> 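Below is a structure I'd like to ask you about.
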Amino acid sequence: MKVTAKQIAQKLNISTAAVSMALNNKPGVSVAMRHKIIDVATEMGYDFSRIQKKLEKSNEIAFIFFHKNFVFDTPFFTELAINVETTIKDAGYQLVVHHIHDLDNLEEKVMSLNSYHYAGILLLGTTMNENEFSYFEKLDIPILLLDTYFPNIKANCVVINNVDSAQMATEYLIKKRHQQPGYLHANQKIQNFKERALGFYNGVRNHSFPVSKSIVHHISCSVEGAYADMLEILNNKEPVASCYFADNDEIAIGAMRAFKEKGYRIPEDVAIIGFDNIPYSTFVDPPLTTIDVPKAYMGTVAAKCLLESIQFPMNHFLKIEVNTSLVIRNSI
């Protein structure tokens with residue numbers, strides 16, 4: 001039996017007219033109530049195909065955070081999100097935030113986004129893999145993929161220039177220390193870290209060091225996790241390099257804490273460079289040399305790119321790489 005607007009109204013204890021306005025993307029109900037009605041309609045199995053073709057896109061854009069054993073609560077993502085929201089609102093759109101977890105029924109969750117009739121989707125896919133993104137590609141909505149990239153996808157992407165940035169950091173280490181650098185490599189398998197690994201090894205090869213001799217430690221991505229992992233490495237008396245490139249600042253800061261606790265001096269005994277330039281990197285002792293990612297600019301570029309694709313749909317897609325800069329402090 002087909003689910004009707006009247007049945008949805010009875011379940012929510014609201015008028016059938018309100019349900020009809022929400023389902024048909026008409027004014028007269030609040031944004032929050034519209035989303036509540038659509039969510040309940042989806043749960044009840046309402047057939048949206050009957051109205052899908054005649055609907056115009058709304059003035060709402062979805063900002064989707066895709067989670068996988070990762071919480072987007074660092075200053076990096078906060079600054080990124082603020083500038084996305086500002087740019088979207090300045091263009092006359094409303095931004096609606098969704099959180100999708102890899103443990104959800106991904107296909108169902110993603111396909112339900114069609115019910116909202118969004119003008120576009122900005123997808124923060126830092127931890128996403130290509131198979132997970134394939135569900136989003138099936139949507140008939142312009143998508144901007146932010147902070148990750150996969151070859152041959154049908155979406156515009158805005159990413160960090162990870163390869164060149166990691167190579168720049170590695171070569172700076174070599175220039176300052178005149179020794180083969182080690183690598184504090186994140187144990188989380190995401191595209192950003194894969195690309196930073198490529199940049200690290202490019203830097204090592206460019207200076208004629210044998211890649212096989214690089215000392216690599218696989219480290220947790222958080223400060224506390226990196227501290228615990230590095231402490232275990234030192235307690236086990238594993239080989240230690242005189243300098244390290246770290247995949248992010250949290251790893252660098254946690255490792256520095258462990259080194260100092262075991263009596264190593266930073267940078268005299270061990271030099272470390274991070275990646276991201278989070279605010280806390282200026283407050284550690286010594287302040288952390290790192291790679292600065294222009295987070296605000298990256299958010300603005302992503303939002304503008306999505307807005308342009310909404311206004312001027314195209315069959316060709318862009319990959320925009322945002323360059324970084326070296327911030328020299330006292331950890332090298």
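Fair warning: this is a prediction, and the values are worked out from it, not measured in the lab.
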> Of the non-hydrogen atoms in Ser281 and Val284, which two are nearest, and what is the gap between them?
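For Ser281 versus Val284, the nearest heavy atoms are O-CG2, 3.5 Å.
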
> Can you hop from Leu307 to Val97 via hydrophobic side chains spaced under 4.5 Å?
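Hydrophobic grouping puts Leu307 with Val97.
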
> Please give me the minimum heavy-atom distance between Ala241 and Ile215, naming the atom from each residue.
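In this case the closest contact between Ala241 and Ile215 is N-CD1, 3.7 Å.
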
> So does Glu79 get a backbone contact from the side chain of Asn83, meaning a donor-acceptor N/O pair under 3.5 Å?
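Between the backbone of Glu79 and the side chain of Asn83 there is a qualifying donor-acceptor contact (under 3.5 Å).
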
> Nearest 0.5 Å, what's the CG-CZ distance between Leu124 and Phe77?
5.5 Å

> Main chain of Asn131, side chain of Ser134: is a donor-acceptor contact present, judged purely on distance under 3.5 Å?
yes

> For Leu288 and Ile272, work out which heavy atoms get closest and say how close.
CD1-O, 3.8 Å

> For the pair Phe259 and Tyr264, name the ring-plane relationship: parallel under 30°, tilted 30 to 60°, perpendicular over 60°.
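Rings of Phe259 and Tyr264: perpendicular, as their planes differ by over 60°.
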
> Just how far is it from atom OG of Ser222 to atom CD of Glu250, taken to the nearest 0.5 Å?
8.0 Å

> So, does Lys295 use its side chain to make a donor-acceptor pair with the main chain of Val293 at under 3.5 Å?
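Checking the backbone N and O of Val293 against the side chain of Lys295, a donor-acceptor pair under 3.5 Å is found.
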
> Could you check whether atom CD of Glu268 has more than 12 heavy atoms from other residues, nucleotides or ligands sitting under 6.0 Å from it?
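Yes.
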
> Would you say the side chains of Asn248 and Asp276 form a donor-acceptor pair under 3.5 Å?
no

> Using the ring-ring contact (aromatic ring centres under 6.0 Å, His included) rule, take Tyr135 and Phe133 through it: C-alpha gap first, then chi angles, then the decisive distance, then the call.
CA-CA 5 Å; Tyr135 293 106; Phe133 179 73; over 10 Å; no

> Under 4.0 Å between a Lys/Arg side-chain N and an Asp/Glu carboxylate O for Lys109 and Glu107?
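A salt bridge is absent here (no side-chain N lies under 4.0 Å from a carboxylate O).
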
> I need the minimum non-hydrogen distance between Ala258 and Leu234, along with the two atoms involved.
O-CD1, 3.7 Å

> Do NZ/NE/NH1/NH2 and the carboxylate oxygens of Lys11 and Glu43 come within less than 4.0 Å?
no

> Specify whether Tyr118 and Tyr116 have parallel, tilted or perpendicular ring planes, treating 30° as the upper limit for parallel and 60° as the lower limit for perpendicular.
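Rings of Tyr118 and Tyr116: parallel, under 30°.
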
> Under 4.5 Å between side-chain heavy atoms, counting indirect links through other Ile/Leu/Val/Met/Phe/Trp/Tyr residues: same cluster for Ile266 and Val327 or not?
no

> Can you tell me how far the OH atom of Tyr183 sits from the CZ atom of Phe200, to the nearest 0.5 Å?
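Nearest 0.5 Å value for the OH-CZ distance: 7.5 Å.
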
> Looking only at heavy atoms, what is the nearest atom pair of Pro142 and Ala119, with distance?
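The answer is CD-O, 3.4 Å.
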
> I'd like to know if the side chain of Arg329 reaches the main chain of Thr289, judged simply by a donor and an acceptor atom lying under 3.5 Å from each other, with no hydrogens or angles considered.
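Flag not set: sc Arg329 to bb Thr289 has no pair under 3.5 Å.
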
> Within this structure, what is the CG-CD1 distance for the pair Leu173 and Ile273, rounded to the nearest 0.5 Å?
5.5 Å

> Look at Lys304 together with Glu308 and state whether they make a salt bridge at an N to O cut-off of under 4.0 Å.
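No.
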
> Strictly distance-based, threshold 3.5 Å: is any side-chain N or O of Gln191 a donor or acceptor partner for the main-chain N or O of Phe150?
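Checking the backbone N and O of Phe150 against the side chain of Gln191, no donor-acceptor pair under 3.5 Å is found.
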
> Among the clusters formed by ILVMFWY side chains lying less than 4.5 Å apart, do Ile14 and Val3 turn up in the same one?
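Yes, Ile14 and Val3 fall within the same hydrophobic cluster.
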
> List the steps and the verdict of side chain to side chain donor-acceptor pair (under 3.5 Å) for Gln180 and Ser214.
CA-CA 7 Å; Gln180 180 159 355; Ser214 297; 2.9 Å; yes

> Would you say the side-chain atoms of Lys154 and Asn315 include a donor-acceptor pair closer than 3.5 Å?
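Checked: Lys154/Asn315 side chains show no N/O donor-acceptor pair below 3.5 Å.
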
> Does Ile174 form a side-chain contact (heavy atoms from CB on, under 4.5 Å) with Phe209? I'd like the steps, not just the answer.
CA-CA 10 Å; Ile174 295 169; Phe209 289 113; 3.8 Å; yes

> Answer with yes or no whether the side chains of Asp247 and His185 bring together a donor and an acceptor at under 3.5 Å.
yes

> Among Asn161, Thr290, Asp292, Ile160, which one satisfies side-chain contact (heavy atoms from CB on, under 4.5 Å) with Thr324?
Ile160

> Among Leu145, Leu318, Ile320, Leu146, which residue meets the side-chain contact (heavy atoms from CB on, under 4.5 Å) test with Asn156?
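Running side-chain contact (heavy atoms from CB on, under 4.5 Å) over Leu145, Leu318, Ile320, Leu146 with Asn156 returns exactly one hit, Leu318.
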
> If I take atom NE2 from residue His98 and atom NE2 from residue His35, how far apart are they, to the nearest 0.5 angstrom?
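Going from NE2 on His98 over to NE2 on His35, the span is 5.5 Å.
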
> Does Met168 belong to the same Ile/Leu/Val/Met/Phe/Trp/Tyr cluster as Val159, with side-chain heavy atoms less than 4.5 Å apart forming each link?
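They do not share one cluster, since no chain of ILVMFWY contacts under 4.5 Å joins Met168 to Val159.
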
> What is the distance from atom CD of Gln94 to atom CD1 of Ile88, rounded to the nearest 0.5 Å?
12.0 Å

> Say whether, by atom type as modelled, one donor and one acceptor occur between the side chain of Asp104 and the main chain of Ile100 under 3.5 angstrom.
no

> Show your working on ring-ring contact (aromatic ring centres under 6.0 Å, His included) between Tyr244 and His217 and close with a plain yes or no.
CA-CA 10 Å; Tyr244 286 96; His217 306 302; 5.4 Å; yes

> Check the angle between the aromatic planes of His67 and His101 and answer parallel, tilted or perpendicular using the 30° and 60° thresholds.
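Parallel, since the angle between the ring planes stays under 30°.
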
> For the pair Glu232 (side chain) and Asp229 (backbone), establish whether a donor and an acceptor sit closer than 3.5 Å, ignoring hydrogens and angles.
no

> So which heavy atom on Ser331 is nearest to which on Pro267, and how close?
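Nearest heavy atoms, Ser331 then Pro267: O-CB, 3.3 Å.
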
> Report whether Tyr227 and Ile278 are members of the same hydrophobic cluster (ILVMFWY, side-chain heavy atoms less than 4.5 Å apart, transitive linking).
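Shared cluster, no.
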
